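Below you'll find the structure, written out as structure tokens, and then a few comments.
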Amino acid sequence: MFKIVKKKRVSPDSTLYVVEAPLVARSCEPGQFIILRIDEKGERIPLTIADFDRQKGTITIIVQEVGVSTIRLNELNEGDCIRDFVGPLGKHMEVGKVGRVCTLGGGLGIAPAYPKVRALKEAGNYMVTILGARSSDRLILREEMARYSDEVYYTTDDGSEGLHGFVSQKLEQLLKEGQKYDLVVAIGPALMMRATIKVTKEFNIPTLVSLDSIMVDGTGMCGSCRVTVAGKTQFACVDGPIFDGFAVDFDEMMKRQCRYNKEEKSALDHYCQAKEGAK
Amino acid sequence: MSEEKRKANLQVEKTPIPEQKAADRVQNFTEVALGYTLEDMINEADRCLECKKPTCIAGCPVEVDIPGFIGALRQGDYRGAIRILKGTNSLPAICGRVCPQETQCEEVCIVGKKRQSVGIGRLERWAADWELQNGVEVPELAPNNGIKVAVVGSGPAGLTCAGDLAKLGYDVTIFEAFHDTGGVLRYGIPEFRLPKAIVDREVNYVKSLGVKLELNVVVGKTYSLECLFKQEGFSAIFLGTGAGLPNFMNVPGENYNGVYSANEFLTRVNLMKGYLFPEYDTPVWVGNKVAVVGAGNVAMDGARVAKRLGAKEVYIVYRRSRTEMPARIEEIHHAEEEGIILKLLTAPTEVLGDDKGWVKGMTCIEMDLGEPDSSGRRRPVPKAGSEYFLDVDTVIVAIGQTPNPLVPQSTPGLKTGKWGNIEVDPETMMTSVPGVFAGGDAVTGAATVIEAMGAGKKAARGIQAYIAEKRMKK
């Protein structure tokens with residue numbers, strides 16, 4: 001059992017959890033993920049690690065309430081336990097000094113981008129960070145990002161803050177203004193990563209992406225998370241989740257992400273009916 | 001022996017085992033074979049000749065004293081029978097259900113020369129089920145010697161190795177990557193062939209021997225082997241990490257939605273209880289027409305699960321003929337009874353998809369059997385111009401697995417073979433890293449439960465000898 005030591009709402013639709021998981025905290029590195037299962041009936045949910053504290057033995061995750069599992073997770077409070085919490089899984093990011101790095105975090109991609117920004121900054125890179133979300137109140141981890149960034153920019157879909165548009169558009173603007181980057185890290189919805197790649201390809205800047213494919217075991221056993229990278233099938237859980245963005249077949253990936261849309265909706269209906277019934 | 005031996009029963013045929021009717025069982029996930037009644041058991045046990053020079057024992061990978069346990073059953077000494085079984089096989093309720101007896105003990109049974117061989121597996125199952133109902137005995141354990149041994153994986157190899165070492169007095173901890181125990185017994189073999197309550201009870205038995213279990217620990221990620229030795233104080237490690245890397249066909253279209261590895265499909269259903277969705281959170285999607293590629297036990301399981309989830313037509317697509325099908329005859333028979341259609345001498349050439357990325361069919365080509373290949377089986381050769389369209393919306397790929405690479409990738413100096421299998425000394429089961437042993441599918445690639453158990457047993461002996469030798473040197 002894994003205790004929630006802190007829970008905090010960070011945006012209208014997402015919540016931060018600090019979970020006691022000393023074994024994971026001891027060995028995890030930026031870029032890796034965990035899988036949790038709320039209770040006996042729960043599914044295994046992969047979540048990228050948003051922060052970790054080796055001394056306290058805790059892992060931070062930020063979760064958007066999008067379906068039954070994430071809504072059920074949000075029913076737990078500080079002091080409650082998550083039944084299963086396993087990791088660290090996946091390959092971590094190779095962190096070194098490359099020069100000027102631009103990191104794009106889109107929506108829920110902001111959380112997993114954070115440990116990478118921190119590690120890259122600590123490795124001595126000049127860090128430019130672009131955070132984007134649907135609206136101003138969904139721009140999370142601002143202070144943390146600012147602490148490890150030399151420049152921070154915001155974009156919102158509704159224009160409530162920063163550039164009215166997408167993170168990829170902000171990147172394009174900066175590049176057109178003559179800014180130079182040695183590496184781009186883009187994390188967020190597949191559409192956002194694909195749009196970013198379109199820009200970085202044009203300017204020929206190496207780009208890393210982190211994929212949140214559908215997984216079951218997370219250890220290479222099931223192949224649910226397979227993705228085509230440079231024409232070859234790779235498993236996001238063990239070969240990734242970080243890949244060379246130029247090589248990822250995003251069209252295929254986006255189609256694969258829709259595999260369980262219908263079931264997710266029916267599960268949500270079932271859950272809501274059960275809730276109604278209980279009232 | 002107090003009484004004169006009862007005369008052997010000369011009945012030609014093996015006593016049939018009561019089963020759920022095919023029409024009923026495709027509607028549920030409960031066990032297909034119901035097990036012998038007491039009368040069935042006595043009738044079948046009496047078919048055993050209790051040969052003076054039995055051949056069946058050598059046919060068993062863990063050398064169970066088969067005439068011994070059947071003799072005890074014949075005398076009504078059920079506790080004695082289970083003691084004999086458990087002397088060498090710590091998981092009889094599982095082996096009695098899933099062992100391929102027809103190619104092991106029963107294949108070499110002397111009765112089988114003239115009549116049908118004795119139903120050894122069915123008798124083993126009866127004895128194990130009797131014990132589960134009448135109370136499990138914990139054997140005498142050697143006093144705890146305080147020496148720590150880590151076992152990685154709680155599948156059949158790990159459970160056996162851990163149980164044997166615990167009996168010898170070792171302080172054993174099993175590390176399991178999943179949130180539940182049993183490895184392939186839990187995620188791979190469906191409820192209707194091996195009820196999970198049986199797996200629970202066998203795991204509890206191993207725990208009752210003093211073995212500790214830590215779930216949610218991925219060795220190779222959460223702990224490195226070095227960390228287990230140096231920081232956690234383990235003296236030896238056994239790797240029973242299984243064959244957890246699914247093979248795909250390498251044909252175009254394999255990443256369309258609706259193409260599963262058998263591992264994914266079965267794990268969603270068996271481990272995650274996807275068949276109880278939405279009561280359980282994990283969904284599993286199956287269409288109306290399903291092609292399962294491959295013809296081993298895993299393929300049969302995939303096909304029969306698909307049928308139970310409501311698929312109307314389920315095909316087994318296999319490139320060789322019926323004789324070469326690697327599945328147990330019993331499983332093929334059960335599958336056919338349940339309406340699974342065999343498409344033999346057929347190989348997929350491409351999976352076709354619609355514009356949303358969902359499977360809408362598969363092109364296949366017919367095969368002829370040519371000269372035998374390196375495996376000794378006749379090599380399938382494509383028949384020119386025989387391609388045809390198979391109308392399916394779901395494809396389950398069950399063409400084997402290779403060992404899980406997580407531990408080798410994170411362990412410098414751990415030698416692996418061509419297929420990623422961990423290399424071991426066949427006598428001691430020690431790997432190229434001193435103090436690290438391995439067995440089961442991680443070494444052999446996908447094989448049987450009993451072979452994995454045999455390997456776990458051998459490794460326990462290897463570990464015992466290794467630790468003894470190390471102590472001598474000190």
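A note on names: the letters A, B, ... follow the listed sequences, proteins ahead of strands, and every chain is numbered from 1. Note that the structure is a prediction, hence the values are computed from the model and not measured.
- The choice from Phe277(B), Tyr260(B), Trp358(B) that makes the most heavy-atom pairs within less than 4.5 Å of chain A is Phe277(B).
- Using a 4.5 Å cut-off between heavy atoms, Gln401(B) does not touch chain A at all.
- In terms of non-hydrogen atom pairs under 4.5 Å with chain B, the most contact-rich of Ala274(A), Gly90(A), Gly218(A) is Gly90(A).
- Residue contact with chain A, scored on non-hydrogen atoms closer than 4.5 Å, involves the backbone of Lys356(B) exclusively.
- Inter-residue side-chain proximity for Tyr223(B) and Ser27(A) is flagged as unmet; no heavy-atom pair is nearer than 4.5 Å.
- When all heavy atoms of Asp281(B) and Ser69(A) are compared, the pair lying nearest together is OD2-OG, 3.8 Å.
- Proximity to chain A is limited to the backbone of Asp355(B), based on heavy atoms less than 4.5 angstrom apart.
- Contact annotation for Phe2(A): only side-chain heavy atoms (C-beta onward) come within less than 4.5 Å of a heavy atom of chain B.
- Chain B forms more heavy-atom pairs under 4.5 Å with one residue of Arg83(A), Lys255(A), Arg72(A) than with any other, namely Lys255(A).
- With a 4.5 Å cut-off on non-hydrogen atoms, Val397(B) does not touch chain A at all.
- For chain A, the nearby parts of Asn255(B) are the backbone and the side chain; heavy atoms of each come within less than 4.5 Å.
- Looking at Thr267(B), only its side chain comes within 4.5 Å of chain A, counting heavy atoms on both sides.
- Of the listed residues Asn257(B), Val217(B), Thr282(B), the one with more heavy-atom pairs under 4.5 angstrom with chain A than any other is Asn257(B).
- With a 4.5 angstrom heavy-atom cutoff, Tyr256(B) touches chain A only via backbone atoms.
- Taking the ring centre of Tyr17(A) as origin, the terminal cationic atom of Lys7(A) falls outside the region bounded by 6.0 Å and 45° from the ring axis.
- Put simply, CG on Asp53(A) and OG1 on Thr60(A) are 8.0 Å apart, with the number rounded to the nearest 0.5 Å.
- Ring-plane geometry between Tyr275(B) and Phe29(B) is classed as parallel, the angle between the planes falling under 30 degrees on a 0 to 90 degree scale with a further cut at 60.
- Both the backbone and the side chain of Arg259(A) have a heavy atom closer than 4.5 Å to some heavy atom of chain B.
- Proximity to chain B is absent for every atom of Leu36(A), based on heavy atoms less than 4.5 angstrom apart.
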*Tell me, with the steps shown, if Leu239(B) and Leu414(B) meet side-chain contact (heavy atoms from CB on, under 4.5 Å).*
CA-CA 11 Å; Leu239(B) 302 173; Leu414(B) 186 67; 4.1 Å; yes
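- Among the candidates Gly87(A), Ser266(A), Gly223(A), the residue making the largest number of heavy-atom pairs closer than 4.5 Å to chain B is Gly87(A).
- Interface remark: Leu406(B) contributes side-chain atoms only to the contact with chain A (heavy atom separation under 4.5 Å).
- For the residue pair Thr219(A)/Asp217(A), the side-chain donor-acceptor check at 3.5 Å is satisfied.
- Between Thr15(A) and Arg9(A), the side chains place a donor N or O and an acceptor N or O closer than 3.5 Å (distance only, hydrogens not considered).
- A salt bridge links Glu75(A) to Lys275(A): at least one charged side-chain nitrogen sits closer than 4.0 Å to a carboxylate oxygen.
- Contacts between Glu176(B) and chain A at a heavy-atom distance below 4.5 Å are absent for every atom of the residue.
- Applying the 6.0 Å contact sphere to NZ of Lys196(B) captures more than 12 heavy atoms from other residues, nucleotides or ligands.
- Distance NZ/Lys116(A) to OG1/Thr48(A): 6.0 Å, rounded to 0.5 Å.
- Top candidate by heavy-atom pairs under 4.5 Å with chain B, chosen from Arg37(A), Glu40(A), Met254(A), is Arg37(A).
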